[in-house]
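This report concerns only the one structure given below.
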Amino acid sequence: ETGVTQSPTHLIKTRGQQVTLRCSSQSGHNTVSWYQQALGQGPQFIFQYYREEENGRGNFPPRFSGLQFPNYSSELNVNALELDDSALYLCASSQDRQETQYFGPGTRLLVL
Amino acid sequence: QKEVEQDPGPLSVPEGAIVSLNCTYSNSAFQYFMWYRQYSRKGPELLMYTYSSGNKEDGRFTAQVDKSSKYISLFIRDSQPSDSATYLCAMSEGGGSEKLVFGKGMKLTVNP
């Protein structure tokens with residue numbers, strides 16, 4: 001069974017640029033959630049996708065957007081990057097009514 | 001006031017010590033309570049999952065939930081150097097696969 005994978009592992013961008021992060025969910029999982037983890041903080045919920053539809057959103061501006069594909073993999077897009085967007089971006093997959101979300105290793109984004 | 005409060009530590013203990021980690025919360029709609037462990041440069045992994053109030057034991061780990069006080073705890077018995085990690089409490093209203101609200105995380109070091 002393949003776990004949750006994310007790409008790239010690290011990324012450096014400059015303020016104002018756009019970035020796309022990718023996530024492959026664990027086999028059989030139809031739900032993907034994205035979290036932002038700033039240094040020294042706990043993860044913060046960005047949004048969740050269930051069967052290709054957005055299924056809940058946290059307190060993040062519209063320049064954070066996402067997509068889920070028919071194979072349940074997902075993308076997180078961030079436009080007009082700001083310095084405060086520097087963080088570890090975590091993707092987690094789950095199946096309906098499971099007890100847990102399985103987290104990937106994250107993508108570390110640095111905005112200069 | 002944040003929805004979930006967790007002392008970020010750090011906490012350093014000798015091998016074999018009993019470790020107590022705690023979180024408080026303000027949202028009375030939380031029904032599901034989790035503890036995640038996060039090693040450096042990795043995604044969080046689920047340690048314990050509890051629904052509503054009560055205790056749950058799994059090997060050296062015990063999770064307690066007191067909904068009347070809005071207080072949850074994780075106890076680690078006979079702590080090992082391999083337990084050195086950041087411990088995150090997390091809560092949700094609708095289950096482990098729903099939006100999770102995390103504490104800041106407590107960095108624990110167990111010294112041999």
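Just so we're on the same page: letters track the sequence lines, and every chain starts at 1.
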Donor-acceptor side-chain pairing of A:Asn55 and A:Thr31 below 3.5 angstrom: no
Atom group of A:Gln6 that falls short of 4.5 Å from chain B, counting heavy atoms: neither
Proximity breakdown for B:Pro8 and chain A, heavy-atom pairs closer than 4.5 Å: neither
Region of B:Leu100 that comes under 4.5 Å of a non-hydrogen atom in chain A: both
Geometric class of the B:Tyr49/B:Tyr32 ring pair [parallel <30°, tilted 30-60°, perpendicular >60°]: tilted
A:Tyr102 and A:His29 aromatic ring geometry - parallel, tilted or perpendicular at 30°/60° bounds: tilted
Side-chain ion pair, B:Lys107 and B:Asp7, N-O less than 4.0 Å: no
Residue pairs fulfilling ring-ring contact (aromatic ring centres under 6.0 Å, His included) with at least one residue in residues 57-87 of chain B, sequence neighbours excluded: none
Residue A:Gln41 versus chain B: region with a heavy atom under 4.5 Å: both
Contact class of B:Lys99 relative to chain A, heavy atoms under 4.5 angstrom: both
Which portion of B:Gln38 sits near chain A, non-hydrogen atoms under 4.5 angstrom: side chain
Greatest number of heavy atom pairs closer than 4.5 Å to chain B - which of A:Gly42, A:Gly104, A:Gly58, A:Cys91: A:Gly42
Short N-O contact, B:Arg60 and B:Asp83, less than 4.0 angstrom: yes
